[in-house]
Amino acid sequence: MKKIGILFGQENTFPQAFVDRVNQKAVDGITAEFVKIEQVEQAVPCGYDVILDRISQDVPFYRAYLKNAALTGTAVINNAFWWSADEKFFNNALAVQLGVPVPKTLLLPSKARPDDTTENSFRNLAMFSWERAFERIGFPAFMKPHSGGGWKSVYKVDNPEEAWRAYDETGQLVMLYQEAIDFDDYFRCYCLGGKHVLIMPYEPRNAPHERYQTTMKTQGEAGQQLLDTIKDYTLRLCQGLGYDFNTVEFAVRGGVPIAIDFGNPAPDADINSVGAENFEWVVEHAALLAIERAQANKAGKTNLTWGSFVQDSVGAAPAKRYTGRGDVQVGQAVTETNDLGATGAPKPAAKKAAPKKAANAPKPVPPTGEVPVAKAPAAKKATAPKAPAAKKPAAKKA
């Protein structure tokens, strides 16, 4: 008997509907249930042929459990190795290579230095030019974490002062600075199995429970062409990234769909937000996908989905096999500390006392402050409103 499990957290409507749908299909030799985790031991199979993951992005223990399960043959939807590695900035860069339009986007260094770093940790980082950023991106713009979701720490800014004020609140977060798209139409698309697409008109400016209560504005031949393009872009992105269960959002400007958000390890599938018709589609296609993966599962093999980006990268690299031969060298004993003074070497013999410093000699001052970020002068071009003559207030602590 092949087992399909679903791992979930706070959501209520989708998990039970998914398990019921798989079991209602009564496919010979396949059953579905909620995942049960007891003792997790390295390299020991978990007992599931397929696990649909809806929560590990928030629970590190589950993430480690799923990676161990994948190592021992479980097909995990979505691939926890991949979504742990990707983030919004990389996804945008890959979208450009895949021929999918995305907003103009810059990566910002964190406002506050990460823990256990000093000014010396950033010797490769030049001063950031806000003036050039404003010229490139313009206003309005969005500032949001380069890795994250759920509309957490997202700011819309309309001028330099608002941009600086938002940046001051971001602490150690690495942020994206991205152009805002003034859209005519907006869509959210489910994509399951890298081949099944459901395009849903969506209004992100509505309250969460009303965002799917809208209609497509572009009609006729232009509307059909728009839908065909959106389907094509959705498949390119999901196949490139390797997501089995994903949503992709598009803002349509001047007839061109621009991908806004498209890397979701556990996209919303609650009946109360997506609506009954969309809910039925996602439950049915999720059940079919899980059954398909269970039937294709090969014991003891890797049964994960990897996107074309990873596949192409592996295919381009020459295969290397372990031969058991190679050069081995033994390093010399360390007798001196490095410039950071952290080798763990035995203490050297006591040295002669250094000559005393003059009483008025200056004392060394430890580095203080935050990551150096240049404050922009007043914007000069029409695309960016002018900054006020007054200096920007001191940064607030995160």
Side-chain angles (χ1 to χ4, degrees), residues 53-58 60 63 78-112 114 125 128 133 136-138 140-157 163 166-167 169-181 183 186-191 194 202 204 211 230 233-253 256-268 305-310 313 371 373 398:
D53 172 28
R54 304 285 298 162
I55 186 61
S56 76
Q57 75 278 1
D58 294 328
R63 195 178 319 154
N78 286 299
N79 182 341
F81 291 97
W82 174 247
W83 71 251
S84 297
D86 81 338
E87 34 77 9
K88 293 181 183 297
F89 189 68
F90 170 81
N91 289 353
N92 268 33
L94 181 60
V96 172
Q97 294 193 354
L98 294 172
V100 178
V102 291
K104 291 181 293 185
T105 305
L106 299 177
L107 185 68
L108 305 180
S110 58
K111 170 64 179 178
L125 183 63
F128 181 77
R136 174 61 179 155
I137 302 303
F142 281 98
M143 196 178 293
K144 57 187 178 182
H146 90 297
S147 181
W151 286 91
K152 297 175 183 177
S153 301
V154 175
Y155 302 85
K156 184 180 180 183
V157 297
Y167 185 65
E169 297 177 2
T170 59
Q172 295 182 9
L173 292 174
V174 176
M175 304 294 285
L176 300 182
Y177 189 61
Q178 187 174 82
E179 71 168 319
I181 305 298
F183 58 86
Y186 200 99
F187 297 90
R188 198 163 194 251
C189 311
Y190 277 118
C191 183
Y202 187 76
R211 289 176 181 172
I230 288 174
Y233 286 171
T234 299
L235 293 174
R236 288 194 207 185
L237 291 169
C238 293
Q239 291 172 8
L241 293 165
Y243 276 101
D244 296 303
F245 191 143
N246 195 17
T247 52
V248 181
E249 294 184 17
F250 292 96
V252 182
R253 180 175 63 187
V256 177
I258 300 172
I260 301 296
D261 181 70
F262 44 90
N264 298 294
D268 180 20
T305 296
W306 294 98
S308 60
F309 166 74
V310 173
S313 300
V371 177
V373 178

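In this chain, numbering begins with 1 at the start of the sequence shown.
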* Asked: Partners of E249 by side-chain hydrogen bond (donor to acceptor under 3.5 Å, both in side chains), sequence neighbours excluded?
  -> Y186, R188
* Asked: Does the side chain of S153 come within less than 4.5 Å of K144's, by heavy atoms?
  -> no
* Considering all heavy atoms, the nearest C238-V248 contact -> SG-CG2, 3.9 Å
* Structure fact -> Shortest non-hydrogen pair, P60 vs D58, comes out as CD-O, 3.8 Å
* Asked: Once you round to the nearest 0.5 Å, how far does CD1 of I230 lie from CG of L235?
  -> 12.0 Å
* Look only at the side chain of K156 and the backbone of P140, and say whether a donor-acceptor pair between them is shorter than 3.5 Å. => no
* Kindly compute the distance separating CD (E169) from OH (Y155), expressed to the nearest 0.5 Å. => 4.0 Å
* Asked: Hey, are the side chains of L241 and F262 touching, using non-hydrogen atoms and a 4.5 Å cut-off?
  -> yes
* **Any I260 side-chain heavy atom under 4.5 Å of P103 side chain** => yes
* Asked: Is the backbone N or O of P265 less than 3.5 Å from a side-chain atom of R54, with the two atoms forming a donor-acceptor pair by type?
  -> no
* Tell me, with the steps shown, if F250 and T234 meet side chain to side chain contact (heavy atoms under 4.5 Å, CB included). => CA-CA 9 Å; F250 292 96; T234 299; 3.2 Å; yes
* Asked: Are D261 and K88 side-chain neighbours, meaning at least one heavy-atom pair lies under 4.5 Å?
  -> yes
* To do: Would you check if the side chain of D244 reaches a backbone N or O of N79 as a donor-acceptor pair within less than 3.5 Å?
  => no
* Not counting sequence neighbours, which residues clear side chain to side chain contact (heavy atoms under 4.5 Å, CB included) with S84? List them please. => R63, K67
* Evaluate the ring planes of F309 and W82, with Trp represented by its six-membered ring, and classify them as parallel (under 30°), tilted (30 to 60°) or perpendicular (over 60°). => tilted
* Shortest non-hydrogen separation from Y167 to P109 and the atoms involved -> OH-O, 2.6 Å
* **Test log, rule side chain to side chain contact (heavy atoms under 4.5 Å, CB included), inputs M143 and L108** => CA-CA 9 Å; M143 196 178 293; L108 305 180; 4.2 Å; yes
* Quick check: does any side chain N or O of N91 sit under 3.5 Å from a backbone N or O of A93, one acting as donor and the other as acceptor? -> no
* Expected output: side-chain Q178 to main-chain T105 donor-acceptor under 3.5 Å -> no
* Reported CG-to-NZ distance for the pair L176 and K104, which is rounded to 0.5 angstrom -> 15.0 Å
* Structure fact -> CG (L94) and CG (D86) are apart, to the nearest 0.5 Å, by 9.5 Å
* Provide the closest heavy-atom pair for L106 versus F89 in the form atom of the first, atom of the second, distance. => C-CE1, 4.2 Å
* Test Y243 against T305 for side chain to side chain contact (heavy atoms under 4.5 Å, CB included), laying out the working first. => CA-CA 7 Å; Y243 276 101; T305 296; over 6 Å; no
* Structure fact -> Here the gap from L173 atom CG to K111 atom NZ, rounded to the nearest 0.5 Å, amounts to 13.5 Å
* To do: Apply side chain to side chain contact (heavy atoms under 4.5 Å, CB included) to the pair S56 and W83, showing each step before the final yes or no.
  => CA-CA 10 Å; S56 76; W83 71 251; 3.1 Å; yes
* Mind listing the closest non-hydrogen atom pair of N264 and N78 along with its distance? => O-ND2, 3.8 Å
* Asked: Minimum heavy-atom separation for I181 to A251, with atom names?
  -> CG2-CB, 3.9 Å
* Distance from F245 atom CZ to D53 atom CG, nearest 0.5 Å? -> 11.0 Å
